[in-house]
Amino acid sequence: MKVFITGGAGFIGSHLAERCIADGHEVWILDDLSTGAIENLDPVLEHPKFHHRIGDVTNEELVSELVDRADVVFHLAAAVGVKLIVERPTHTIETNVRGSEVVLKAAAKKDKLTFIASTSEVYGKGVKLPFAEEDDLLFGATTKSRWAYACSKAIDEWLALAYHRERGTPVVITRFFNTVGPRQTGRYGMVIPTFVRQGLAGEDITVYGSGDQRRCFGYVGEVVESLMRLAKQPAAVGQVFNVGNDREISINALAELIRERTGGRSKIIHMGYEDAYPDGFEDMERRIPCVEKIEAAIGYRPTMPVEDIVDRVIEAMSPEEDA
Ligand code: UDP
């Protein structure tokens, strides 16, 4: 199979590329290296079946050329990370909406199976837990720029479903819940790599807000496995799937876990959101995926315990590993 991955040098994209190469597929990736990094591709860079292009996902000509070559397209290129999103809302909206438009237009011309990466953020401030694919979406005010990300991704979903309905384009939408693993950087605000870096350096571990907010963390390898299975499942076409682990942990408990696992030298401190994020931030308390739909479709869902995920991240980020 020939696979084209936009955002292939990013966190999830690079793991997906590696997995596709391991499975014997031919892989092309496109990345502008804005948040991705070429080092993420070190394990596959020299492989004869791996090809990369540095460029923008809004470049129609380049995207068409790569889509035309592929049997399946995974569109993962996007502005991601809460910090980046609230700091650069214009870039977020334009990259996410325009990028999906370009990819879907090219895919529709040749009827290519296309995965659109969406996010649990689209559930917004929903309070009916767990979040199921058919639930209503509840966004905050437009003055809070965090929701621009959710809205841009919701538009991507609508556009993909519109192509499917009107043109028969084979699309699959995956809503990724908090996904974690080696290579994820804390630079754009993600909590686990941030806490692990702080713990390993013996710095204060910074819990934002009360720390009673809870999240469910899924291991990136299991998210990739879910994608590979969905790609083989014709019944997945035209559908939206939650992809995530449904076990919850509070941010306070996570901080304690990471403090212990990184040698116990750090102090856990609490910071107000106003000190942690620029204006335009609003947190959500809980976010649990309903995984019934994906499990029924592919007979699989991420189950790796957060303790094991944290250990893998620590191992990957430990200084000895870099030596
Ligand atoms: N968070 C935190 N300290 C940090 C980074 C994040 O307490 O240094 C909190 C954040 O406010 C949120 C949770 O951890 O409640 C998860 O944040 P992340 O940005 O990883 O993902 P989100 O679920 O918000 O998209």
Side-chain angles (χ1 to χ4, degrees), residues 10-12 35 78-89 92 96 117-126 129-131 137-140 144-154 175-201 203-220 223 242-259 262 266-289 306 309-310 313 317:
F11 162 56
I12 299 178
T35 54
V80 292
V82 171
K83 245 190 179 106
L84 181 72
I85 283 148
V86 292
E87 279 164 11
R88 300 186 60 199
T92 301
N96 294 359
S118 186
T119 165
S120 57
E121 285 270 326
V122 298
Y123 292 105
K125 304 202 279 188
L129 291 163
F131 293 153
L137 310 181
L138 182 65
F139 299 142
K144 308 272 186 222
S145 40
R146 174 181 196 144
W147 306 114
Y149 176 57
C151 251
S152 69
K153 282 292 177 184
R175 290 182 180 162
F176 296 134
F177 281 65
N178 296 62
T179 303
V180 192
R183 296 186 199 142
Q184 185 178 41
T185 154
R187 237 178 299 150
Y188 309 105
M190 278 78 167
V191 67
I192 289 188
T194 302
F195 283 3
V196 168
R197 192 197 56 74
Q198 291 166 335
L200 288 173
E203 293 171 10
D204 290 349
I205 293 180
T206 52
V207 172
Y208 301 158
S210 69
D212 292 332
Q213 70 271 32
R214 291 184 250 173
R215 290 293 185 275
C216 298
F217 295 97
Y219 184 62
V220 64
V223 168
N242 288 337
V243 184
N245 186 319
D246 62 357
R247 184 182 144 202
E248 262 193 309
I249 183 168
S250 76
I251 300 302
N252 280 330
L254 182 70
E256 191 48 52
L257 170 74
I258 293 178
R259 198 185 78 84
T262 53
S266 293
K267 198 165 82 195
I268 296 172
I269 59 161
H270 286 77
M271 280 172 74
Y273 288 117
E274 60 288 356
D275 298 321
Y277 295 105
D279 277 355
F281 178 76
E282 190 168 40
D283 207 6
M284 74 271 301
E285 279 301 296
R286 297 176 70 189
R287 184 196 265 168
I288 310 171
V306 68
I309 300 176
V310 161
V313 174
M317 281 173 76

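Numbers here simply count residues along the sequence, with the first being 1. Atom set for the values below is all heavy atoms of this structure, side chains included, hydrogens, waters and symmetry mates excluded. Note that ligands are numbered from 1 as they come in the structure, with each ligand's atoms numbered from 1 the same way.
- Of all protein heavy atoms, the one lying nearest to atom 23 (O) of ligand 1 is Arg215 NE, 2.5 Å.
- Ring geometry, Tyr208 versus Tyr277: the interplanar angle exceeds 60°, so the pair is classed perpendicular (tilted spans 30 to 60°).
- Put simply, the residue from Ile258, Val191, Ile205 that forms a side-chain contact (heavy atoms from CB on, under 4.5 Å) with Val196 is Ile258.
- Summarising the contacts of atom 25 (O) of ligand 1 with Met190, His270, Arg146, the nearest heavy atom is found in Arg146.
- Between Ile288 and Phe131 the shortest side-chain heavy-atom distance does not fall below 4.5 Å.
- Nearest protein heavy-atom neighbour of atom 7 (O) of ligand 1: Tyr208 N, 2.7 Å.
- Ligand-side atoms of ligand 1 in range of Arg287: 22 (P), 23 (O), 25 (O), range being under 4.0 angstrom from any heavy atom.
- Partner of Glu121 under the side chain to side chain donor-acceptor pair (under 3.5 Å) criterion, out of Arg146, Lys153, Arg175: Arg146 alone.
- Heavy-atom proximity to Asn178, at under 4.0 Å, picks out these atoms of ligand 1: 21 (O), 22 (P), 23 (O).
- Side-chain contact between Phe195 and Val310 is absent, with no heavy-atom pair separated by less than 4.5 Å.
- Residue contacts with ligand 1 include Gly189, since one or more of its heavy atoms lies under 4.0 Å from the ligand.
- Heavy atoms of Arg197 stay at 4.0 angstrom or farther from ligand 1.
- Taking 4.5 Å as the limit, some side-chain heavy atom of Tyr123 sits within range of a side-chain heavy atom of Asn242.
- Of the protein's non-hydrogen atoms, the one nearest atom 15 (O) of ligand 1 is Asp283 OD2, 2.7 Å.
- The closest side-chain donor-acceptor pair between Tyr273 and Asp283 falls under 3.5 angstrom.
- Within the 4.5 Å cutoff, the side chain of Asn245 has no heavy atoms near those of the Tyr219 side chain.
- Ion pairing between Arg214 and Glu248 holds under the 4.0 Å rule for side-chain N and carboxylate O.
- Contact between Met284 and ligand 1 is absent, with no heavy atom of the residue lying under 4.0 Å from the ligand.
- Ligand 1 has at least one atom lying under 4.0 Å from a heavy atom of Tyr273.
- Here Thr206 has heavy atoms under 4.0 Å from ligand 1 in both its backbone and its side chain.
- Residue contacts with ligand 1 include Glu121, since one or more of its heavy atoms lies under 4.0 Å from the ligand.
- The nearest heavy-atom contact from the protein to atom 13 (C) of ligand 1 is Ile251 CD1, 3.6 Å.
- When heavy-atom distances to ligand 1 are checked against a 4.0 Å cut-off, Tyr149 has no atom that comes that close, whether in backbone or side chain.
- The ligand atoms of ligand 1 that sit less than 4.0 angstrom from a heavy atom of Val207 are 7 (O).
- Counting heavy atoms from C-beta on, the side chains of Ile268 and Glu256 come closer than 4.5 Å.
- Here the side chains of Pro289 and Ser120 are not in contact, with every heavy-atom distance at 4.5 Å or above.
- Counting only non-hydrogen atoms, the option in Thr194, Asp212, Val191 that gets closest to atom 16 (C) of ligand 1 is Val191.
- In the vicinity of Tyr277, heavy-atom distances shorter than 4.0 Å reach the ligand 1 atoms 6 (C), 10 (C), 11 (O).
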